[in-house]
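This report refers to the structure that appears directly beneath it.
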Amino acid sequence: MRVEKPWGHEIRWALNDKYLGKILRIEPGQKLSRQYHEQKDETIYVLEGVLVLELGRKAPDQIKIVMHPGTYRRIQPGTIHRFAAPSDGCTLIEVSTPEIDDVIRLEDMYGRA
């Protein structure tokens, strides 16, 4: 199932009571919400483009990790994070536990609560 997002889109290719699999396409210059999950445990794998993974609330405590195709990272519940595609856009795979609506947004450039 394809779901349009203000930053691009996601394709949900697996969803059951044990896991969720998605392909995310982040368009050039776009960012997802700065967010965390109470239960959802996810791992991302970059397929193409450059992803900037921001960890933490704000500078100076924030860490930015530049990820290239073939790199991956686990994001455990409670970890504040944000995905950004600063240049040519980015495509990544996300595999997680199935809590699809477990999103606590702390900051969002599209005005979502």
Side-chain angles (χ1 to χ4, degrees):
M1 170 175 56
R2 182 179 170 121
V3 179
E4 297 299 325
K5 300 286 188 172
W7 42 261
H9 68 269
E10 65 184 33
I11 297 171
R12 297 176 187 167
W13 53 271
L15 176 57
N16 61 45
D17 62 339
K18 296 188 187 275
Y19 59 87
L20 167 63
K22 299 192 287 189
I23 297 173
L24 283 71
R25 172 64 188 170
I26 306 169
E27 295 300 330
Q30 302 300 307
K31 296 180 179 183
L32 279 69
S33 303
R34 184 174 320 282
Q35 60 184 280
Y36 68 92
H37 311 291
E38 293 180 332
Q39 296 179 323
K40 185 177 171 186
D41 192 332
E42 61 190 4
T43 299
I44 58 169
Y45 178 92
V46 179
L47 288 174
E48 61 182 26
V50 174
L51 174 72
V52 176
L53 172 60
E54 300 174 4
L55 298 173
R57 283 193 186 266
K58 296 202 182 214
D61 298 323
Q62 187 182 88
I63 298 168
K64 291 186 179 185
I65 300 168
V66 179
M67 299 177 67
H68 299 276
T71 58
Y72 58 91
R73 179 87 179 207
R74 181 179 179 196
I75 301 170
Q76 296 181 353
T79 303
I80 297 171
H81 62 285
R82 176 180 231 170
F83 302 155
S87 54
D88 295 332
C90 179
T91 303
L92 59 130
I93 295 173
E94 177 185 303
V95 178
S96 72
T97 55
E99 299 86 12
I100 200 163
D101 294 322
D102 178 18
V103 178
I104 292 90
R105 289 189 176 96
L106 303 173
E107 180 183 338
D108 184 73
M109 61 189 272
Y110 310 104
R112 297 175 297 173

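Legend: ring pair (Phe, Tyr, Trp, His ring centres under 6.0 Å) pairs involving residues 88-113, not counting sequence neighbours: none detected. The list of ring pair (Phe, Tyr, Trp, His ring centres under 6.0 Å) pairs with a residue in residues 53-79, not counting sequence neighbours, is empty. Pairs of residues two or more places apart, or lying in two chains, that qualify as salt bridge (charged side-chain N to carboxylate O under 4.0 Å, His left out) and include a residue from residues 59-77 are Asp41-Arg74.
Hydrophobic clustering of Ile, Leu, Val, Met, Phe, Trp and Tyr side chains at less than 4.5 Å, counting indirect connections, unites Leu55 with Val46.
Exactly one of Val103, Asp102, Ile75 qualifies for a side-chain contact (heavy atoms from CB on, under 4.5 Å) with Gln35. That residue is Val103.
With values rounded to the nearest 0.5 angstrom, Leu32 atom CG is found 5.0 Å from Ile26 atom CD1. Here the CD1-CG distance, from Ile65 to Leu53, works out to 5.0 Å after rounding to the nearest 0.5 Å. If you take CH2 on Trp7 and CD on Glu27, they are separated by 9.5 Å, rounding to the nearest 0.5 Å. Note that the CD atom of Gln62 and the CZ atom of Arg82 stand 8.5 Å from one another [nearest 0.5 Å]. Atom OG of residue Ser33 and atom CD of residue Glu107 lie 9.0 Å apart, to the nearest 0.5 angstrom. Note that CD1 of Ile44 is 9.0 Å distant from CG of Leu24, once rounded to the nearest 0.5 Å.
Listed by chain and number, the residues in a side chain to side chain donor-acceptor pair (under 3.5 Å) with Thr79 amount to none (sequence neighbours excluded). A search for side chain to side chain donor-acceptor pair (under 3.5 Å) contacts involving Glu99 returns Thr97, not counting sequence neighbours. Annotation: salt bridge (charged side-chain N to carboxylate O under 4.0 Å, His left out) contacts of Arg12 (sequence neighbours excluded): Glu10. For Glu4, the salt bridge (charged side-chain N to carboxylate O under 4.0 Å, His left out) partners two or more places apart in sequence, or in a different chain, are Arg2. Qualifying ring pair (Phe, Tyr, Trp, His ring centres under 6.0 Å) partners for His37, counting only residues two or more places apart in sequence or in other chains: His81.
In terms of heavy atoms, Arg34 sits closest to Gly56 at NH1-O, 3.5 Å. Minimum interatomic distance between Pro69 and Gly49 (heavy atoms only, all atoms of both residues): CD-O, 3.3 Å.
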Report all side-chain donor-acceptor pairs from residues 88-95 shorter than 3.5 Å, counting only partners two or more places apart or in another chain.
unit_1: Thr91; atom_1: OG1; unit_2: Arg25; atom_2: NH1; d: 3.3
unit_1: Thr91; atom_1: OG1; unit_2: Glu48; atom_2: OE2; d: 3.3
unit_1: Glu94; atom_1: OE2; unit_2: Lys40; atom_2: NZ; d: 3.0

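Under the 4.5 Å side-chain criterion, counting only non-hydrogen atoms from C-beta, Gln30 is in contact with Met109.
Leu20 belongs to a hydrophobic cluster with Leu15, Ile100, counting contacts under 4.5 Å between side-chain heavy atoms of Ile, Leu, Val, Met, Phe, Trp and Tyr, direct or through other members. Clustering of Ile, Leu, Val, Met, Phe, Trp and Tyr by side-chain heavy atoms under 4.5 Å joins Met1 with Val3. Grouping Ile, Leu, Val, Met, Phe, Trp and Tyr by side-chain contacts under 4.5 Å, direct or through others, puts Ile80 with Tyr36, Ile104, Leu106.
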